[in-house]
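The structure appears right after this line, and notes come after that.
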Amino acid sequence: VNMINVIDPVVQTASSRHSLLNNCIEYALSPPSKQKERRVVYLENPEGTRRAVSNVLVKTIHFMKSLPSFNQLPVEDQLSLLKDCWAPLFSLGMAQEQTVFQVKDVPQDGMLKRILLNNQETHDGNGSQPTLAEVYRLRTCLTRLWALDLSPKEYAYLKGAVLFNPGKDGPFLLQHSIVSQWHYYLTILNAYTALRDVVLTLHPGDLDRFSRILLMTSALQTISKSLITELFFRPVIGQADMFDLLSEMLCNRKEYS
């Protein structure tokens with residue numbers, strides 16, 4: 001299994017970041033075999049990785065709460081968007097913070113396997129442990145985002161577009177009045193228009209850049225919520241429901257602001 005170290009972006013040098021990016025691109029160009037992609041994996045450096053991803057998660061919720069257009073929605077609709085969008089927004093946060101990680105194969109049998117998978121098996125009788133194929137999908141998405149070299153402003157507007165347009169199967173807002181629905185779809189239009197304007201302003205000579213960024217919105221929807229939960233957070237949250245914790249973070253505006 002290819003392994004990439006977790007390094008705090010604050011202390012990374014330019015050369016080390018360039019080296020990490022090259023390693024990520026090489027990893028993305030070398031997909032695991034059919035046999036390997038079904039392997040169950042776990043974090044190589046769990047303490048450092050979970051510290052980094054916890055910071056990403058807090059920043060993700062803070063971003064949502066900082067948007068006036070999001071705060072204007074009823075709480076029920078905010079939670080509906082949160083449920084559908086937290087995974088792609090979290091993935092965008094990982095890319096922006098240059099959060100990289102390494103994984104190892106879970107032993108095929110023995111006590112170590114039972115210890116590593118105990119939390120997942122207790123919480124989910126269907127055994128939805130993270131696999132190498134899911135990790136590869138996430139890493140490929142991160143690599144493509146890094147290759148775009150998005151500015152902080154582009155990241156912010158892309159997050160807004162993802163939040164308000166969570167794919168073709170995204171939520172129909174619980175507040176079913178015509179006015180509310182029109183406000184929601186107008187917000188979607190405004191989000192993509194703002195993203196386009198920012199991209200064209202920052203890169204006036206790159207007419208295809210906006211299209212390439214839009215393609216990432218579809219790729220982000222393929223990132224599994226269960227992968228993020230089980231790989232990064234399950235040993236910390238135990239049997240708690242991830243969405244319940246996210247809802248608490250969203251609604252407790254003082255503690256997580």
Side-chain angles (χ1 to χ4, degrees), residues 1-9 16 19-58 60 83 86-95 97-146 219-246:
V1 178
N2 291 281
M3 298 181 182
I4 301 170
N5 292 323
V6 177
I7 300 181
D8 188 342
S16 67
S19 176
L20 282 171
L21 180 57
N22 286 338
N23 288 339
C24 292
I25 293 174
E26 181 179 353
Y27 178 91
L29 294 176
S30 305
S33 65
K34 290 293 184 181
Q35 182 179 7
K36 287 184 177 181
E37 68 182 10
R38 294 190 296 269
R39 291 180 181 175
V40 178
V41 295
Y42 69 102
L43 291 173
E44 168 72 10
N45 178 14
E47 183 178 350
T49 303
R50 289 184 183 122
R51 183 168 57 248
V53 296
S54 295
N55 180 56
V56 171
L57 188 64
V58 170
T60 299
K83 184 175 183 179
W86 76 263
L89 286 178
F90 174 84
S91 302
L92 276 173
M94 288 188 68
E97 298 295 321
Q98 297 191 355
T99 307
V100 290
F101 59 95
Q102 60 186 148
V103 296
K104 293 178 64 175
D105 288 347
V106 170
Q108 294 301 307
D109 50 38
M111 183 176 295
L112 180 57
K113 178 180 181 180
R114 291 193 296 272
I115 294 174
L116 290 170
L117 301 184
N118 177 65
N119 286 327
Q120 290 95 324
E121 292 173 348
T122 300
H123 178 265
D124 186 353
N126 296 324
S128 59
Q129 294 93 20
T131 64
L132 186 58
E134 292 178 307
V135 170
Y136 172 74
R137 189 179 300 116
L138 173 59
R139 293 216 41 78
T140 300
C141 195
L142 294 176
T143 300
R144 291 171 62 186
L145 285 166
W146 287 329
L220 288 164
Q221 300 298 331
T222 68
I223 305 302
S224 167
K225 300 173 189 174
S226 64
L227 167 67
I228 296 174
T229 301
E230 304 303 327
L231 182 64
F232 297 123
F233 297 107
R234 178 60 62 202
V236 177
I237 68 176
Q239 298 186 49
D241 183 81
M242 187 67 179
F243 178 64
D244 288 344
L245 295 178
L246 292 171

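All values reported here derive from a predicted model rather than from experimental measurement.
Residues Thr222 and Cys141 have side chains not in contact (no heavy-atom distance under 4.5 Å, counting atoms from C-beta outward). Put simply, the side chain of Val106 does not reach to within 4.5 Å of the side chain of Val41, judged on heavy atoms. Residues Met94 and Ile223 fail the side-chain proximity criterion, which asks for heavy atoms closer than 4.5 Å. The side-chain heavy atoms of Ile228 and Trp86, taken from C-beta on, include a pair separated by under 4.5 Å. Under the 4.5 Å side-chain criterion, counting only non-hydrogen atoms from C-beta, Thr49 is in contact with Phe232. Contact check for Gln102 versus Leu43: no side-chain heavy atoms found under the 4.5 Å cut-off. Residues Val100 and Trp146 are in side-chain contact: their nearest non-hydrogen atoms beyond the backbone lie under 4.5 Å apart.
A distance of 7.5 Å separates CG of Leu132 from CZ of Arg39, quoted to the nearest 0.5 Å. Put simply, CG on Asn55 and OG1 on Thr99 are 7.5 Å apart, with the number rounded to the nearest 0.5 Å. To the nearest 0.5 Å, atoms CG (Leu231) and CZ (Arg50) are separated by 7.5 Å. Expressed to the nearest 0.5 Å, how far CG of Leu245 lies from CD1 of Ile237 amounts to 5.5 Å. Separating the CD atom in Glu230 from the CD atom in Glu134 is a distance of 9.5 Å, to the nearest 0.5 Å. In this structure, OG1 on Thr140 lies 9.0 Å from CZ on Arg137, to the nearest 0.5 angstrom.
In the displayed structure, Lys225 atom NZ is contacted under 6.0 Å by more than 12 heavy atoms of other residues, nucleotides or ligands.
With sequence neighbours excluded, no residue forms a side chain to side chain donor-acceptor pair (under 3.5 Å) with Thr229.
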Start with the C-alpha gap between Tyr42 and Gln129, add the side-chain angles, then the distance that decides, and say whether side chain to side chain contact (heavy atoms under 4.5 Å, CB included) holds. CA-CA 9 Å; Tyr42 69 102; Gln129 294 93 20; over 6 Å; no

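Classified by interplanar angle (parallel below 30°, tilted 30° to 60°, perpendicular above 60°), the ring pair Phe90/Phe233 is perpendicular.
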